[in-house]
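In what follows, a structure is listed as structure tokens, so that the remarks can point back to it.
Treat the numbers as computed from the prediction; the structure is a model and nothing was measured.
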Amino acid sequence: MKPLVKLVKLNRLAYNPNRDPQVYRRCPGQPFHIEALLDGSGRARCRLTDERGALLAEADVALPGTFAHELVYAEPGVRIVTLTCEGEGQRFTQDLRLDVLAHAWVG
């Protein structure tokens with residue numbers, strides 16, 4: 001059986017928790033672009049939730065297809081969002097760390 005989610009992207013880069021986190025960071029007001037590339041046939045339900053479990057985004061995606069959403073934060077800090085995709089009898093869950101810097105790096 002093929003996996004439901006082929007690839008997760010954060011800020012247009014393949015998400016890798018071992019990558020230098022600087023490439024994923026944003027300043028206040030800059031969007032985080034989250035994408036999940038889905039495979040298979042039928043339909044899948046994709047959701048983004050925050051660390052408290054509050055729903056940030058939800059979509060029903062025709063397979064194969066792409067779930068995409070942008071999040072913007074006005075205050076610096078670290079947020080954890082959870083991407084969940086369900087379809088074809090499979091469930092995929094990935095936590096994503098979103099770092100919002102107080103200001104852009106100089107240098």
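Heavy-atom minimum distance, Ala44 versus Leu4: CB-CD1, 4.4 Å. Nearest approach of Leu83 to Ala36, heavy atoms of both residues: CD2-CB, 3.8 Å. The minimum heavy-atom distance between Val100 and Pro28, with the atom names listed, is CG1-N, 3.6 Å.
With values rounded to the nearest 0.5 angstrom, Asp39 atom CG is found 5.0 Å from Lys6 atom NZ. Taking CG of Leu10 as the reference point, atom CG of Leu71 lies at 9.5 Å (rounded to 0.5 Å).
By the criterion of side-chain heavy atoms lying less than 4.5 angstrom apart, applied directly or through intervening Ile, Leu, Val, Met, Phe, Trp or Tyr residues, Leu13 is grouped together with Val5 in one hydrophobic cluster. In the hydrophobic clustering of ILVMFWY residues, with side-chain heavy atoms under 4.5 Å counting as a link, Leu101 and Val72 come out apart.
Applying the ring-ring contact (aromatic ring centres under 6.0 Å, His included) rule to pairs touching residues 1-38 yields Tyr15-Tyr24, sequence neighbours excluded. Screening residues 66-85 for ring-ring contact (aromatic ring centres under 6.0 Å, His included) gives no qualifying pairs among residues at least two apart or on separate chains.
In this structure, the side chain of Arg19 engages the main chain of Ala14 through a donor-acceptor pair within 3.5 Å. Between the Gln90 side chain and the Pro3 main chain, no donor and acceptor come within less than 3.5 Å of each other.
Looking at Asn11 and Val23, their side chains never come closer than 4.5 Å, going by heavy atoms from C-beta outward. By the 4.5 Å heavy-atom criterion applied to side chains, Arg91 and Thr84 are counted as neighbours.
Screening Arg79, Arg26, Arg25 against Asp99 for a salt bridge (Lys or Arg N to Asp or Glu O under 4.0 Å) leaves a single residue, Arg25.
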Cut-off 3.5 Å, no hydrogens considered: what does the side-chain donor-acceptor table look like for residues 46-61, sequence neighbours left out?
{"from": "Asp50", "atom 1": "OD1", "to": "Arg52", "atom 2": "N", "distance (Å)": "3.0"}
{"from": "Asp50", "atom 1": "OD1", "to": "Gly53", "atom 2": "N", "distance (Å)": "3.1"}
{"from": "Asp50", "atom 1": "OD1", "to": "Ala54", "atom 2": "N", "distance (Å)": "2.8"}
{"from": "Asp50", "atom 1": "OD2", "to": "Arg52", "atom 2": "NH2", "distance (Å)": "3.1"}
{"from": "Glu51", "atom 1": "OE1", "to": "Ile80", "atom 2": "N", "distance (Å)": "3.0"}
{"from": "Glu58", "atom 1": "OE2", "to": "Arg45", "atom 2": "NE", "distance (Å)": "3.4"}
{"from": "Asp60", "atom 1": "OD2", "to": "Arg43", "atom 2": "NE", "distance (Å)": "2.9"}

